[in-house]
Amino acid sequence: MRGDLEWGSIPGLVRSAAVRYGGVEAVAEGRTRITYAELGVRVERAAAACVAAGVRAGDRVGIWAPNSLDWIVAALGAVSAGGVLVPLNTRFKGSEAADVLRRSGARLLFVTGTFLGTSYVASLRRAAGEGVGGGPLPGLPDLRKVVVLSDDAPASFLTWKDFLASGEGVGEAEVRARSAAVDGTSPSDIIYTSGTTGRPKGAVITHAQTLRAYEVWSDLAGLRQGDRYLIVNPFFHTFGYKAGVIACLMRGATMIPQPVFDVDTVLANIAAERISVLPGPPTLHQSLLDHPARDAHDLSALRLVVTGAAVVPLTLVERLRGELGVDTVLTAYGLSEASGIVTMCRRGDDPSVIASTSGRAVPGTEVRVVDAGGVPLGPGTPGEIQVRGFNVMRGYYDDEAATAEVLTRDGWLRTGDVGVLDESGCLRITDRLKDMFIVGGFNAYPAEIEQALGLHPDVADVAVIGVPDARLGEVGKAYVVRRPGATLTDADLIAWARREMANYKVPRAVEFVGELPRNASGKVVKGELRGRTAVRERARQV
């Protein structure tokens, strides 16, 4: 294993890849094709521009954009200049993005222009265009520059082209010196993830942790030079950025970024680009298998699938192998606070193990299941999953109280997830202490959604649970108590929610109730709400 011992940092990895895989195609994006040597040059140019923009070691740099070559170059350029990357969820609304930028103290932001019919620049200006700061967005006083990854930008922002040109006065020696100053202990990124309070918290991960984790991932997955990797998983998530971009840099695989999941586009890309590697949530692969035009596309190059985020049906594993001829199908479990990787199946595992578990602890980590008092439990007994090892975050950014809640004194991370270990050490996720549910691969947190819905003037009380969905796995259902005299309808509230929050957070169903069931301490009894939904579903089926 090479890992951080050789590369030292992500900038070191980029330089190494430019030399080791110089003539290998690094990124294929439509008609644009660049080699690893060319990628190295582009990253150094972006790093020079970051230096010219005043980015110093440890400064946070936000990026709010879909998967693209420019995202890769901007992100790697920022960390090569010593910056700490803060990726923003592309499903965020302007207010959600502004909150993360404000709390992280981001100094520089890369943002897309228009994506999926929405102007991200306009939404940010609505959310943070007023305030006391003197920068491009007065409501974000720490933010000094905003770079739009397009050819057009408002007067107070920079275009991507102008930003890159601004670094031409920074010498190569200065850029190399800045990159060399980044070491394994330096933070590489802060991944913001919502918890049970609904308040986003930023998990701080170092360069050494990132490199070691995704060297392990690449080894276990069997990623290799010559692979062509369709990266549909969003770059703002570790599954897209680290298991995608970072892993490809390690192995010399070709990256084909896809900004939006669309099954027709995925099928076309697999055939046209001879895709061999396609990680993603189970819903992605199910969509491929069930597409009526699947057989019209040549999918024969596909050899590696890595999935997770939900229980994987055994039939899905068998169909990927039998119908598509995929050699390797693996499942895994991870969370941002543990560098995105905790357990993973191994090549050669029986299909039943891959489908029913998330595999065993990855090398260098320990996984245990404990009771409410923190006492370890034996195989077969459900309890909270805890993790200890090189992959556990340094803490939540600027939030000592939240960090103390999840990290024990002896280094165990309390995941808040419930699981069971079997005799061989394979982990099966059975529930979520945090009430989180997963919508098509995206983590949705009820407390955060409830907090937002509670702002509606006609909502007196609300509770959100996850309910099964044939296409997305799970979706949200809101139980709502109206304010006296209100005539709010389910369609009204869902439409309002679509304007106020990311689409995956929006409840797909609303049920109005007179009151929410609560226990003696006043907490909503969500088990009762889930029971009501299950009873109605059974009645409907009868």
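From a predicted model like this one, the values you see are computed outputs, not experimental measurements.
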Spell out, as yes or no, whether a donor-acceptor pair under 3.5 Å connects the side chain of [X] to the backbone of [Y].
X      : Y      : result
Asp349 : Ile354 : no
Glu38  : Thr35  : yes
Tyr21  : Ser16  : no
Glu337 : Leu413 : no
Ser218 : Glu215 : no
Asn67  : Ile231 : yes
Ser188 : Ile205 : yes
Arg33  : Gly30  : yes

Can you check whether [X] reaches [Y] side chain to side chain, under 4.5 Å on heavy atoms?
X      : Y      : result
Thr90  : Phe115 : yes
Thr307 : Phe239 : no
Arg303 : Arg224 : yes
Val100 : Val86  : yes
Val464 : Phe437 : yes
Val232 : Val266 : yes
Ile191 : Pro87  : yes
Leu69  : Thr32  : yes

Row check, Tyr214 ring normal vs Lys242 NZ/CZ: under 6.0 Å, within 45°
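Lys242 over Tyr214 ring: no.
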
Look up atom [atom1] in [X] and atom [atom2] in [Y], then write down how far apart they are to the nearest 0.5 Å.
X      : Y      : atom1 : atom2 : answer
Tyr397 : Thr403 : OH    : OG1   : 12.0 Å
Leu76  : Leu39  : CG    : CG    : 6.5 Å
Ile429 : Ile438 : CD1   : CD1   : 9.0 Å
Leu335 : Asp417 : CG    : CG    : 7.0 Å
Glu511 : Ile465 : CD    : CD1   : 9.0 Å
Trp7   : Ile246 : CH2   : CD1   : 10.0 Å

Quick one, Val277 with Leu223, criterion side chain to side chain contact (heavy atoms under 4.5 Å, CB included). Give me CA distance, side-chain angles, the key distance, then yes/no.
CA-CA 8 Å; Val277 180; Leu223 187 67; 3.9 Å; yes

Would you mind checking if [Y] and [X] are paired as a salt bridge, meaning a charged N to carboxylate O distance below 4.0 Å?
X      : Y      : value
Glu96  : Lys505 : yes
Asp219 : Arg251 : yes
Arg228 : Glu25  : yes
Glu323 : Arg294 : yes
Glu384 : Arg414 : no
Lys477 : Glu450 : no

State, to 0.1 Å, how close [X] and [Y] come at their nearest heavy-atom pair, and which atoms those are.
X      : Y      : value
Leu249 : Tyr36  : CD2-CE2, 3.6 Å
Ser287 : Val263 : O-CG2, 3.7 Å
Ile385 : Gly419 : CG1-N, 3.6 Å
Thr357 : Cys426 : OG1-CB, 3.8 Å
Leu316 : Gln286 : CD1-OE1, 3.7 Å
Asp227 : Gly222 : OD2-O, 4.2 Å

Take Leu13 and Leu211 through the side chain to side chain contact (heavy atoms under 4.5 Å, CB included) test and state the conclusion after the steps.
CA-CA 9 Å; Leu13 171 62; Leu211 294 175; 3.9 Å; yes

Evaluate side-chain hydrogen bond (donor to acceptor under 3.5 Å, both in side chains) for Thr185 paired with Thr206, printing each intermediate quantity in order.
CA-CA 6 Å; Thr185 64; Thr206 68; over 6 Å; no

Any luck finding a side-chain donor-acceptor pair between [X] and [Y] under 3.5 Å?
X      : Y      : result
Thr315 : Arg319 : no
Thr408 : Asp410 : yes
Gln386 : Arg368 : yes
Ser358 : Thr343 : no
Asn391 : Thr365 : no

Trace of the side-chain hydrogen bond (donor to acceptor under 3.5 Å, both in side chains) decision for Tyr241 with Asn233:
CA-CA 8 Å; Tyr241 172 42; Asn233 296 312; over 6 Å; no

Centroid-centroid under 6.0 Å between Phe110 and Trp71 rings:
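Not under 6.0 Å, so no.
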
Check against side-chain hydrogen bond (donor to acceptor under 3.5 Å, both in side chains), Gln258 and Asn269
CA-CA 9 Å; Gln258 183 173 319; Asn269 273 329; 3.0 Å; yes

Stepwise side-chain hydrogen bond (donor to acceptor under 3.5 Å, both in side chains) check, Tyr504 with Asn89
CA-CA 11 Å; Tyr504 68 91; Asn89 191 323; 3.1 Å; yes

Criterion side-chain contact (heavy atoms from CB on, under 4.5 Å) against Val43, the qualifying member of Val14, Ile72, Ile10
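Answer after filtering Val14, Ile72, Ile10: Val14.
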
May I have the step-by-step check of salt bridge (charged side-chain N to carboxylate O under 4.0 Å, His left out) for Asp298 and Arg274, ending in yes or no?
CA-CA 8 Å; Asp298 180 3; Arg274 303 295 295 161; 2.9 Å; yes

Dump the intermediate steps for side chain to side chain contact (heavy atoms under 4.5 Å, CB included) on Leu267 and His291, then the final yes or no.
CA-CA 9 Å; Leu267 285 167; His291 195 280; 3.6 Å; yes

Verdict with reasoning, Val329 to Glu318, per side chain to side chain contact (heavy atoms under 4.5 Å, CB included)
CA-CA 9 Å; Val329 181; Glu318 292 173 336; over 6 Å; no

